[in-house]
Number of protein chains: 2
Amino acid sequence: MKVVTCTAPVNIAVIKYWGKRNEELILPINSSLSVTLHQDQLKTTTSIAASRDFAEDRIWLNGKEENIQHPRLQTCLREVRRLARKRRNDAEEDTVSRILNYKVHICSVNNFPTAAGLASSAAGYACLVYTLAKLYSVEGELSEIARQGSGSACRSMYGGFVQWVMGEMEDGRDSLAQQVEAETHWPELRILVLVASAEKKHVGSTSGMQTSVQTSPLLKFRAESVVPERMKDMIEAIKKKDFEAFGQLTMKDSNQFHATCLDTYPPIFYLNRVSQEIISLVHRYNAHYGRTKVAYSFDAGPNAVIFTLEPTVDEFVELVTCCFPPESNGDPFLKGLPVNPTSLSQDLLSAAGSDQCPGGVRYIIVTQPGPGPSQSQDLSLDLLGSDGLPKRSA
Amino acid sequence: MKVVTCTAPVNIAVIKYWGKRNEELILPINSSLSVTLHQDQLKTTTSIAASRDFAEDRIWLNGKEENIQHPRLQTCLREVRRLARKRRNDAEEDTVSRILNYKVHICSVNNFPTAAGLASSAAGYACLVYTLAKLYSVEGELSEIARQGSGSACRSMYGGFVQWVMGEMEDGRDSLAQQVEAETHWPELRILVLVASAEKKHVGSTSGMQTSVQTSPLLKFRAESVVPERMKDMIEAIKKKDFEAFGQLTMKDSNQFHATCLDTYPPIFYLNRVSQEIISLVHRYNAHYGRTKVAYSFDAGPNAVIFTLEPTVDEFVELVTCCFPPESNGDPFLKGLPVNPTSLSQDLLSAAGSDQCPGGVRYIIVTQPGPGPSQSQDLSLDLLGSDGLPKRSA
């Protein structure tokens with residue numbers, strides 16, 4: 001039995017992906033760009049074992065066996081195996097060609113609650129594809145396959161700042177992720193994930209973007225006429241480490257994505273009252289300082305992702321804590337990188353403070369840009385035991 | 001002393017006006033279309049007296065004296081007086097030329113609470129211009145002047161279904177309101193104003209649309225590329241009394257207007273949690289019946305305006321009452337046209353019902369399309385006494 005264990009990161013888009021031009025191949029209607037979050041705070045771990053003793057392919061996600069026949073899962077398995085056959089050295093009858101005939105057991109866990117509403121499918125499919133590739137010793141470009149698991153998963157195949165170039169070809173060969181800058185490029189950048197208390201279940205992103213593509217005139221215009229320029233501007237802002245430009249563009253693009261959701265028929269609302277309060281708080285905070293010190297971005301749910309620079313973290317976290325007093329729920333309110341308690345000036349409080357909304361933010365994860373997927377050499381992290389079944393802890 | 005008293009209606013846009021191409025002349029970036037609401041439920045009453053004994057022009061709004069120097073007020077006064085001079089018969093030295101030299105006292109009241117957040121400036125400026133015109137015996141097109149008081153006021157100069165053609169000329173001479181169909185055209189049409197409990201003060205429409213014009217790429221696209229076709233489709237739907245088309249277009253256009261507010265930087269939110277619940281309720285209700293039986297529209301605030309046909313009123317009002325149980329506040333929950341209590345089928349309740357949101361809707365005004373401004377012949381309705389000052393009741 002061969003076991004390989006890898007980890008992969010979550011990413012947060014600052015130029016948003018919303019809408020496919022090809023549902024089957026997951027080809028987007030516009031390019032997008034994301035920041036890869038550090039795996040110290042948020043990651044998926046996946047172990048895959050191959051053995052001639054396995055009777056069938058099986059998969060366990062967060063401790064629960066799931067249906068391996070899921071079409072996108074099957075696509076990823078089929079495509080990595082196809083690549084393994086194609087890229088391996090035909091001359092030698094090696095390990096790879098042997099285990100390519102074995103069934104696999106896949107076990108995957110997140111180190112963050114799925115309930116948090118963080119896009120776990122991106123990290124999950126990136127990790128699946130990366131781990132399969134390691135198992136079969138496949139090198140090179142893999143984002144095309146990860147994309148077919150979950151569109152945004154292709155961006156989780158790299159660390160730092162990553163663009164997903166939409167491509168033009170019908171078969172999707174040129175719809176790939178590319179690193180724009182490495183995770184070390186902008187060391188001061190910090191990311192706060194403000195997990196909002198969700199009042200209700202939201203429209204899933206797959207069906208949501210389908211409806212948007214079919215019904216929103218504004219989405220089509222955005223994809224064709226707004227995003228291309230924004231991609232250029234965002235890459236430039238990142239390369240220059242220009243937080244003013246980066247932050248403003250991030251906020252504008254998040255807002256425009258949610259605007260196209262509202263232009264969808266029937267309309268889709270992902271921002272709730274807490275999200276609106278956070279948006280308002282960020283603008284008041286920036287207005288107080290006369291520049292963009294923090295920026296928000298929201299995906300298909302109410303959680304806020306805040307971008308800022310290291311010197312601003314303590315104060316902004318204090319302000320959020322003040323506007324959304326934590327309701328004790330047994331969990332710590334602050335997770336991840338350390339934050340120092342600080343006191344807020346009366347000036348700031350009267351300019352940016354608001355009516356308190358207790359419990360509106362459940363907790364905050366403090367993190368930073370991080371590296372792409374990697375293989376673990378620590379056998380103790382394997383999620384599958386010697387019997388090929390998930391360990392107790394997995 | 002000559003006193004004239006007139007009334008004018010509120011109108012609700014179903015193709016929205018948002019954004020000026022000329023702030024001074026109030027020229028819009030797109031045409032718009034509205035339904036004039038019946039004055040039995042919602043109206044402004046204005047009395048204007050002219051007397052040689054008045055020392056200066058004065059104005060009282062809803063019982064409080066306001067500054068007559070307000071620029072838009074001055075524009076309306078100046079323009080109607082200019083028209084009176086131009087259109088009168090120069091040969092005769094008549095009453096008009098005499099009172100044109102007198103100062104005026106203006107007194108105006110709404111029969112609905114201003115706090116309700118219903119666009120009172122449209123009815124107010126329409127009534128001002130109409131009453132001034134009657135005072136000075138000016139006949140003919142007046143919407144160009146009303147437009148310069150408040151853009152949407154031009155549409156309150158007519159009853160029924162009214163379009164505001166954006167026009168092309170620099171001086172705004174062709175930016176006028178026109179009746180599309182009279183108030184008698186679609187006798188089954190009903191309008192419910194759901195006054196939502198507002199949590200906070202909203203961005204005013206004048207400054208809101210300025211920011212949108214300056215910052216929203218989607219608004220520009222909407223005005224240039226979406227609205228022209230929608231105007232045609234809406235006029236056709238009204239002429240055919242096609243509620244399916246009318247309702248869908250009304251909802252889509254309301255949503256797109258709010259989408260452009262969200263695409264504004266900083267973003268503007270007019271829809272609150274109650275608005276979102278009403279939107280969701282309408283879509284569930286229509287989905288239950290498999291067709292568009294009710295439609296919503298929201299202006300620059302959280303109140304919902306519901307369009308439906310007479311046979312649907314009782315049931316939908318019952319459903320709203322069920323989802324938003326009235327919190328007794330001394331006021332009746334239902335105002336306006338009579339509604340018959342009805343019982344909801346279990347089918348409908350399980351398909352369209354939701355978590356109850358007590359007090360979310362403060363009250364409902366039931367009304368229908370109505371006529372344009374008119375002069376009152378009933379002297380007892382004059383708001384100004386024989387001393388030229390507001391009566392007690394005004």
Side-chain angles (χ1 to χ4, degrees), chain A residues 199-200 202-203 211-212 215-227 229-230 247-287 292 295-296 298 302 354-355 357, chain B residues 199-200 202-203 211-212 215-227 229-230 247-287 292 295-296 298 302 354-355 357:
Chain A
E199 286 149 2
K200 52 163 83 179
H202 292 88
V203 176
T211 316
S212 292
T215 64
S216 170
L218 300 186
L219 177 60
K220 189 170 147 61
F221 173 74
R222 160 180 164 72
E224 290 171 2
S225 304
V226 179
V227 171
E229 195 172 340
R230 286 192 174 175
Q248 282 204 27
L249 206 41
T250 294
M251 291 187 276
K252 286 178 181 175
D253 207 69
S254 172
N255 293 337
Q256 189 167 88
F257 153 52
H258 291 281
T260 65
C261 289
L262 188 40
D263 189 49
T264 299
Y265 187 81
I268 304 169
F269 296 94
Y270 288 125
L271 304 177
N272 66 15
R273 199 172 50 91
V274 173
S275 321
Q276 291 183 11
E277 284 295 335
I278 293 167
I279 288 172
S280 166
L281 179 66
V282 166
H283 285 291
R284 288 196 309 268
Y285 185 81
N286 290 337
T292 303
Y296 53 76
F298 294 82
S354 66
D355 290 348
C357 174
Chain B
E199 286 148 5
K200 53 164 84 178
H202 293 88
V203 176
T211 317
S212 292
T215 63
S216 168
L218 300 187
L219 177 60
K220 191 171 145 56
F221 174 74
R222 160 181 165 70
E224 291 172 1
S225 304
V226 179
V227 171
E229 194 171 343
R230 286 191 173 176
Q248 282 203 27
L249 206 42
T250 294
M251 292 188 275
K252 286 179 182 175
D253 207 67
S254 172
N255 293 336
Q256 188 168 88
F257 153 53
H258 291 280
T260 64
C261 289
L262 188 41
D263 189 50
T264 299
Y265 186 82
I268 304 170
F269 296 95
Y270 289 124
L271 303 176
N272 67 14
R273 197 172 49 90
V274 173
S275 321
Q276 291 183 12
E277 284 295 335
I278 293 168
I279 288 172
S280 165
L281 179 65
V282 167
H283 285 291
R284 288 196 309 269
Y285 185 81
N286 289 337
T292 303
Y296 52 77
F298 293 83
S354 67
D355 290 349
C357 175

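Residue numbering restarts at 1 for every chain, and letters A, B, ... go by the order of the sequence lines.
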Look at the aromatic rings of A/F221 and B/F221 and report parallel, tilted or perpendicular, splitting at 30° and 60°. parallel
Would you indicate whether the side-chain heavy atoms of A/F257 and A/C261 approach each other to under 4.5 Å? yes
Do A/D263 and A/T260 have a side chain donor and acceptor closer than 3.5 Å? no
Under the 3.5 angstrom rule, does the side chain of A/Y270 hit a backbone N or O of A/V203 as a donor-acceptor pair? yes
Count the heavy-atom pairs under 4.5 Å between each of A/Q276, A/M251, A/Q248 and chain B, then report the option with the highest count. A/Q276
Among B/N286, B/T264, B/D355, B/N255, which residue has the highest count of heavy-atom pairs closer than 4.5 Å to chain A? B/N255
Looking only at B/L271, B/T215, B/V282, most heavy-atom pairs under 4.5 Å shared with chain A are made by B/L271
Which atoms of B/H283 come close to chain A, meaning under 4.5 Å heavy atom to heavy atom: side chain ones, backbone ones, both, or neither? side chain
Interchain contact, B/I279 with chain A, by part (heavy-atom threshold 4.5 Å): side chain
Does the side-chain contact (heavy atoms from CB on, under 4.5 Å) test come out yes or no for A/R222 and A/S216, once each step is laid out? CA-CA 10 Å; A/R222 160 180 164 72; A/S216 170; over 6 Å; no
